[in-house]
Number of protein chains: 2
Amino acid sequence: MKPGRRGAAVTTAAPSSSRALVHPPRADIRLEGVLHALSDPMRLRVVRQLARDEAGLGGLSCSQIDLPVTKSTSTHHFRVLRESGVIQQIYRGTAKLNGLRRDDLNALFPGLLDSVLTAATAQAERTGPARGH
Amino acid sequence: MKPGRRGAAVTTAAPSSSRALVHPPRADIRLEGVLHALSDPMRLRVVRQLARDEAGLGGLSCSQIDLPVTKSTSTHHFRVLRESGVIQQIYRGTAKLNGLRRDDLNALFPGLLDSVLTAATAQAERTGPARGH
DNA sequence: GTCAAACTACGATGACTCTCGTACTATGGA
DNA sequence: TCCATAGTACGAGAGTCATCGTAGTTTGAC
């Protein structure tokens, strides 16, 4: 039996390498799903790191993002983020590059992502001003 | 979550009737908790109805809010909303009046509540009116 | 071809959630 | 006093979630 990719949602374009990842099309992204995805501390952490990196390059690989969990748990969180429509993932060699779906999120839920990011930063400063940066 | 005095949260003032409800003080409200509370369709529905009513009076009683679940499930959702800091509840006779904690939320997470409400309305309009295919 | 790196799949486990029904308490009136 | 109204408490069932460990796949380099 094949790994059987469920769904068959539009995969925006030809991946730069080979394997394809299923992303929900913009119209299928649900507010409840996005809020749920963002309500987990680990996933919020991923999103913040992606946002911080955003200006520079095209994305961060999973292993570049520092999470205090095992790799398989990490995979789980990245999948939740992708399937809820928060992030985009493309294979690049053996790595997988992650980026926020800013355009889609802003089109559907104007201001939401930014207010969550701002709130997360504010809360982090409030809670632990004496910590990593 | 034992009902037992967790934290001794400040109950903003003398209740107009008698029984006291425990609310988290502003500083204890966590972004993850708020996002989680808002990620449930029923609770989002409650919050939207409270927002719609907001201009007028002081609050809606639980039974005025239309939810397609039993009373005990309803109680559960109101508690999650209260304990996460999203709503405020006060007893008024046999009823319990509910209102959004707008000031606290805006102070902690500027713009978040409004962008969620806007997003929820937009999504409802997108999904609701046509229901085409 | 072989090997390491990066990530996935699968199965398990313990915790939490949403839902309900039934029984209970508190309040305000007839 | 008795009763209806509004909501709570408790317990159960079904489901989902976060986490892990182990085993597997894909890719690129040697």
Side-chain angles (χ1 to χ4, degrees), chain A residues 1-7 15-23 30 32-46 59-84 86-98, chain B residues 1-6 15-23 30 32-46 59-84 87-98:
Chain A
M1 200 48 154
K2 259 199 327 249
R5 295 262 157 266
R6 57 178 166 268
S16 68
S17 217
S18 59
R19 285 171 286 179
L21 264 333
V22 179
H23 293 78
R30 304 279 309 165
E32 297 89 333
V34 170
L35 293 176
H36 173 248
L38 296 176
S39 74
D40 179 273
M42 291 304 151
R43 292 193 292 260
L44 200 48
R45 198 163 158 159
V46 169
L60 291 172
S61 70
C62 295
S63 53
Q64 279 178 294
I65 293 174
D66 164 53
L67 284 189
V69 293
T70 64
K71 267 203 298 187
S72 53
T73 301
S74 199
T75 295
H76 161 69
H77 287 308
F78 279 104
R79 178 166 41 185
V80 172
L81 286 169
R82 171 168 48 83
E83 292 184 344
S84 65
V86 176
I87 67 170
Q88 195 179 18
Q89 303 187 289
I90 55 171
Y91 278 107
R92 176 83 186 256
T94 86
K96 198 154 79 168
L97 297 185
N98 302 277
Chain B
M1 315 314 137
K2 268 256 71 67
R5 306 281 139 267
R6 108 349 174 352
S16 67
S17 218
S18 61
R19 284 172 287 181
L21 263 334
V22 179
H23 292 79
R30 302 281 307 166
E32 297 88 334
V34 169
L35 294 176
H36 173 249
L38 296 175
S39 73
D40 180 273
M42 291 303 152
R43 292 194 290 260
L44 201 47
R45 198 164 157 158
V46 169
L60 292 172
S61 70
C62 294
S63 53
Q64 278 178 293
I65 293 174
D66 164 54
L67 284 189
V69 293
T70 64
K71 266 201 303 184
S72 51
T73 301
S74 200
T75 295
H76 161 69
H77 286 308
F78 279 104
R79 179 166 36 183
V80 172
L81 286 169
R82 173 168 48 82
E83 291 184 343
S84 66
I87 67 169
Q88 195 179 17
Q89 302 187 289
I90 54 172
Y91 277 109
R92 176 80 185 255
T94 86
K96 198 153 80 169
L97 297 185
N98 301 278

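As the structure is a prediction and not an experimental result, all values here were calculated from the model. Order of the sequence lines sets the chain letters (A, B, ...), proteins ahead of strands, with each chain counted from 1.
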Answer yes or no: is there a side-chain heavy-atom contact under 4.5 Å between [X] and [Y]?
{"X": "B/H77", "Y": "B/T73", "answer": "yes"}
{"X": "B/K96", "Y": "B/L21", "answer": "yes"}
{"X": "B/E32", "Y": "A/R43", "answer": "no"}

Length of the line joining [X]:[atom1] and [N]:[atom2], which is rounded to integer Å:
{"X": "B/L97", "N": "D/dA6", "atom1": "CG", "atom2": "P", "answer": "12 Å"}
{"X": "B/Y91", "N": "C/dG28", "atom1": "OH", "atom2": "C1'", "answer": "15 Å"}
{"X": "B/F78", "N": "D/dT8", "atom1": "CZ", "atom2": "C1'", "answer": "14 Å"}
{"X": "B/R82", "N": "D/dT8", "atom1": "CZ", "atom2": "P", "answer": "8 Å"}
{"X": "A/H76", "N": "C/dA15", "atom1": "NE2", "atom2": "C1'", "answer": "13 Å"}
{"X": "B/Q89", "N": "D/dT8", "atom1": "CD", "atom2": "C1'", "answer": "11 Å"}
{"X": "A/L81", "N": "D/dC17", "atom1": "CG", "atom2": "P", "answer": "13 Å"}
{"X": "B/E32", "N": "D/dA18", "atom1": "CD", "atom2": "P", "answer": "13 Å"}

Presence of [X] side-chain N/O under 4.0 Å of [N] phosphate oxygens OP1/OP2:
{"X": "A/R92", "N": "D/dG28", "value": "no"}
{"X": "B/S63", "N": "D/dT5", "value": "no"}
{"X": "A/H77", "N": "D/dT19", "value": "yes"}
{"X": "B/R79", "N": "D/dG7", "value": "no"}
{"X": "B/R43", "N": "C/dC18", "value": "yes"}

Can you give me the closest heavy-atom contact between [X] and [Y], atom names plus distance?
{"X": "A/L97", "Y": "A/S61", "result": "CD2-N, 3.9 Å"}
{"X": "B/I65", "Y": "B/F78", "result": "CD1-CZ, 3.9 Å"}
{"X": "B/S84", "Y": "B/G33", "result": "CB-O, 3.7 Å"}
{"X": "A/V86", "Y": "A/L38", "result": "CG1-CD2, 4.3 Å"}

Next item on the list: Please identify each residue that fulfils salt bridge (Lys or Arg N to Asp or Glu O under 4.0 Å) with B/R45, with sequence neighbours left out.
Entry: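 With sequence neighbours excluded, B/R45 shows a salt bridge (Lys or Arg N to Asp or Glu O under 4.0 Å) to B/D66, given in chain and number order.
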Next item on the list: Compare the minimum distances between each of C/dA6, D/dA18, D/dA6 and the side chain of A/D40, then state the nucleotide with the smallest one.
Entry: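 Nucleotide nearest to A/D40's side chain: D/dA18.
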Check nucleotides 3-5 of chain C for protein N or O atoms closer than 3.5 Å to its own N or O atoms and list the pairs.
none

Notebook entry, point to check: Side chain of B/N98, backbone of B/Q89: donor and acceptor closer than 3.5 Å?
Noted result: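 Judged by distance alone, no pair lies under 3.5 Å.
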Note to self: Near DNA chain C, counting only heavy atoms under 4.0 Å, which residues of residues 66-75 of chain B show up?
What the structure shows: B/V69, B/T70, B/S72, B/T73
